[in-house]
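See structure below.
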Amino acid sequence: MAVFKLPAEMSIATASELKQTLHGLLQSEPCLDLDSVAVIRVDASTLQLLLALVNEAELRTVPLRWLNISTELKASAELLGLTDSLKLA
């Protein structure tokens, strides 16, 4: 099991690197925990990336859990109607 701590600021500028890291973990780990306690800024491109990750994990039957969901991540997901899709609820 891997626990990945999401960075404090997630934007289009960091999305490519984040995508590579998360995709690698998804391929190599039997389950993945995402700790978002440090997240203070997240933009729509990163939420899109996280949604793709959640969907891919489901397709691969890799359990994905959220730990310590930050207020900012939850608020941003709610604003775009992605709370359920991201499985943050």
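For reference, positions follow the sequence shown, starting with 1. What you see below is based on every heavy atom in this structure, not just the backbone, and it leaves out hydrogens, waters and symmetry mates.
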Taking everything shown except Leu80 itself, do over 12 heavy atoms lie less than 6.0 Å from its CG?
yes
Take atom CD of Gln27 as the centre, draw a 6.0 Å sphere, and report whether it contains more than 12 heavy atoms from other residues, nucleotides or ligands.
yes
With rounding to the nearest 0.5 Å, note down the distance linking CG in Leu34 to CG in Leu53.
6.0 Å
Separation between OG1 of Thr46 and CZ of Arg41, rounded to the nearest 0.5 Å:
8.0 Å
Shortest non-hydrogen separation from Pro30 to Pro63 and the atoms involved:
O-CD, 3.2 Å
Measure from the side-chain N and O atoms of Ser76 to the backbone N and O of Glu72, and report whether any donor-acceptor pair falls under 3.5 Å.
yes
Ser16 and Gln20: side chain donor to acceptor below 3.5 Å:
no
Flag the pair Val62 / Glu29 as yes when at least one side-chain heavy-atom distance between them is below 4.5 Å, and no otherwise.
no
CG (Leu32) and CG (Leu25) are apart, to the nearest 0.5 Å, by 5.5 Å
Without swapping roles, check the side chain of Ser36 against the backbone of Asn68 for a donor-acceptor pair under 3.5 Å.
yes
Main-chain N/O of Val39 paired with Ser70 side-chain donor or acceptor, under 3.5 Å:
yes
Starting from Leu59 and following side-chain heavy-atom contacts under 4.5 Å between hydrophobic residues (I, L, V, M, F, W, Y), which residues can be reached?
none
Residues Lys74 and Ile69: closest non-hydrogen pair is CB-CG2, 4.1 Å
Any donor-acceptor N/O pair, Thr14 side chain to Met10 backbone, under 3.5 Å:
no
Looking at Glu78, I'd like to know if its CD atom is crowded, meaning that more than 12 non-hydrogen atoms belonging to other residues, nucleotides or ligands lie closer than 6.0 Å.
yes
Asp33 side chain vs Phe4 backbone, donor-acceptor pair below 3.5 Å
no
Among Leu73, Asn55, Leu82, the one residue meeting side-chain contact (heavy atoms from CB on, under 4.5 Å) with Leu50:
Leu73
Shortest non-hydrogen separation from Val54 to Leu86 and the atoms involved
CG2-O, 3.9 Å
Looking at every non-hydrogen atom in both residues, tell me the closest pair between Ala15 and Leu49 and how far apart they are.
O-CD1, 3.3 Å
Value rounded to 0.5 Å, distance of CG in Leu64 from NZ in Lys87:
9.5 Å
I would like to know whether Leu47 and Val42 meet side chain to side chain contact (heavy atoms under 4.5 Å, CB included); could you show each step before the answer?
CA-CA 7 Å; Leu47 288 171; Val42 58; 4.0 Å; yes
First locate atom CD of Glu56, then atom CG of Leu22, and finally report the distance between them rounded to the nearest 0.5 Å.
10.0 Å
Testing the basics here: between Leu18 and Pro7, what is the closest heavy-atom pair and its distance to 0.1 Å?
CD1-CD, 4.3 Å
Validation row: Leu67, Val37 side chains within 4.5 angstrom (heavy atoms)
no
